[in-house]
Amino acid sequence: MATPNDIAFEKLVRPHFDRLYRLAWRLSGQRAEAEDLFQELLIKAYGKLDDLVKIDEPGPWLCRVMYNLFIDERRRFARRRMHTVEEGELAGDGLAGLPGTQNPAQDHERLERLQKLDAALSMLSDEHRVVVLLHDTEGYKLSEIQNLTGIPVGTIKSRLHRARARLREILINDGTFS
Amino acid sequence: MHNTDEDKQDQEIQALLKDYPMPEATAGYFDQALVRATHEGSRRQRNRWIMTGFGSAVAAGLALWLIGGFFITTPELPQAEATIPGITIALAEPRTINLVFASAEALDAATLTVQLPPGIEMSGFPGQREVTWETSLAAGKNFLPLKLIATSPQGGEVFATLKHDDRGRTFRLRVDVS
């Protein structure tokens with residue numbers, strides 16, 4: 001049975017679930033890791049319920065806690081990269097179930113380009129991948145990324161520039177761009 | 001200086017990034033995550049209180065710590081049957097085990113392979129009997145949390161092998177299912 005704390009907690013965090021889940025996915029890039037990160041955040045936030053109720057805007061606070069959890073995890077396993085016998089099936093699970101249009105040829109081409117983008121993103125460092133996904137895919141402003149990560153705007157701009165340049169280089173090399 | 005080709009490619013990359021999809025959370029996931037968070041959060045709060053005397057280094061929620069002096073003993077020595085640690089987990093209920101590897105020096109490109117018996121899976125890798133990470137080790141203790149799930153009641157032994165160059169160490173863990 002839900003306790004008063006449970007009810008208060010749900011009321012505070014549930015409105016932010018979609019945003020947090022998107023952030024978890026963009027940070028980690030895979031469903032299993034995203035769900036672990038999302039879960040860890042909720043557990044941690046529940047333990048800080050006394051602080052959470054005093055915060056005017058829990059959304060940005062929760063996002064920052066999630067980002068810090070992600071960074072802590074990456075520091076512990078600085079080069080955590082999965083190599084399994086089914087590695088190909090692990091990559092790009094975000095593309096599964098991509099909604100189609102009425103044009104199968106166009107859908108196929110789009111899927112192919114997105115798969116190549118997915119592979120290219122996986123070749124970026126975490127710092128570059130996260131910045132480019134938050135800015136160019138999720139539409140975060142530079143100041144929002146700064147608030148989330150604590151990284152100066154100048155550094156974020158530089159990472160964004162390098163990330164795009166590296167993506168361009170990879171996509172030219174793999175033939176996506178001529 | 002950008003030429004028109006690069007500008008065009010940048011625009012294409014940004015358009016691709018905007019289109020980069022992300023699947024929705026599976027049905028019921030948010031509700032389940034919330035329930036787990038309130039249960040686990042409450043449990044951790046209780047444990048924190050109980051374990052005050054042990055200091056903050058022992059994180060709550062741990063099923064077991066396996067501690068190995070990775071580079072103290074080489075080559076690998078067989079472990080006596082009697083020393084194999086064990087845990088009991090509930091069917092279909094994820095349980096986290098923490099492996100602790102103590103390394104005398106920082107190491108790049110170590111590989112950790114986890115081999116699972118039939119009926120025991122690692123969270124996020126359904127159906128895989130073997131999962132390998134490439135990871136870096138810091139000097140001192142390195143922690144690796146493994147989330148295990150029993151999908152059948154038979155149990156078995158989990159092997160975790162850490163290798164670097166020609167040196168290695170294997171941990172065995174008996175997993176029983178209740």
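Reminder, nothing fancy here: chain letters follow the sequence lines and each chain counts from 1. These values consider heavy atoms only, across backbone and side chains, with no hydrogens, waters or symmetry-generated copies. For clarity, every value in this text was computed on a predicted model and none was experimentally measured.
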Quiz item: Are B/Met22 and A/Tyr21 close enough, and set up right, to give a side-chain contact (heavy atoms from CB on, under 4.5 Å), and what steps lead you there?
Solution: CA-CA 10 Å; B/Met22 198 202 83; A/Tyr21 187 78; 3.8 Å; yes
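- Of all heavy-atom pairs spanning B/Ala37 and A/Leu42, the tightest one is CB-CB, 3.4 Å.
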Could you pull out every donor-acceptor pair under 3.5 Å between side chains of residues 28-35 of chain B and any protein atom, sequence neighbours left out?
unit_1	atom_1	unit_2	atom_2	d
B/Tyr29	OH	A/Glu35	O	2.8
B/Asp31	OD1	A/Arg14	NH1	3.3
B/Asp31	OD1	A/Arg14	NH2	2.6

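- The structure places CD of B/Glu40 at 11.5 Å from OH of A/Tyr46, a figure rounded to the nearest 0.5 Å.
- Residues passing the side-chain contact (heavy atoms from CB on, under 4.5 Å) test with A/Pro15, sequence neighbours excluded: none.
- In this structure, OG1 on B/Thr38 lies 4.5 Å from CG on A/Asp6, to the nearest 0.5 angstrom.
- The OH atom of B/Tyr20 sits 6.5 Å away from the CG atom of A/Leu133 when rounded to the nearest 0.5 Å.
- A/Leu171 touches chain B through its side chain: at least one heavy atom from C-beta onward sits under 4.5 Å away, while N, CA, C and O do not.
- Cluster annotation: B/Leu91 and B/Val175 are assigned to the same hydrophobic cluster (Ile/Leu/Val/Met/Phe/Trp/Tyr, side-chain heavy-atom contacts under 4.5 Å, transitive).
- If you take CG on A/Leu167 and CD on B/Gln9, they are separated by 12.0 Å, rounding to the nearest 0.5 Å.
- Both the backbone and the side chain of A/Phe17 come within contact range of chain B, each with at least one heavy atom under 4.5 Å from a heavy atom of that chain.
- Contacts between B/Thr26 and chain A at a heavy-atom distance below 4.5 Å involve backbone atoms as well as side-chain atoms.
- Under a 4.0 Å N-O distance rule, the pair B/Glu12/A/Arg113 qualifies as a salt bridge.
- By the criterion of side-chain heavy atoms lying less than 4.5 angstrom apart, applied directly or through intervening Ile, Leu, Val, Met, Phe, Trp or Tyr residues, B/Val114 is grouped together with B/Ile89 in one hydrophobic cluster.
- Using a cutoff of 4.0 Å between basic side-chain nitrogens and carboxylate oxygens, A/Arg164 and B/Asp10 are not scored as salt-bridged.
- Considering CG of A/Asp136 and CG of B/Leu16, their distance stands at 11.0 Å, rounded to 0.5 Å.
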Please list, one pair per line, the donor and acceptor atoms closer than 3.5 Å that link side chains of residues 53-70 of chain A to other protein atoms, with sequence neighbours excluded.
unit_1	atom_1	unit_2	atom_2	d
A/Asn68	ND2	A/Arg64	O	3.3

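- Residues B/Leu116 and B/Ile149 do not share a hydrophobic cluster, defined by chaining ILVMFWY side chains whose heavy atoms lie under 4.5 Å apart.
- Contacts of residues 137-151 of chain A with chain B at a heavy-atom distance below 4.5 Å involve A/Thr137, listed in sequence order.
- Only the side chain of A/Ile172 has a heavy atom closer than 4.5 Å to any heavy atom of chain B.
- When hydrophobic clusters are built by joining Ile, Leu, Val, Met, Phe, Trp and Tyr residues whose side-chain heavy atoms come closer than 4.5 Å, directly or via intermediates, B/Phe159 is not grouped with B/Leu112.
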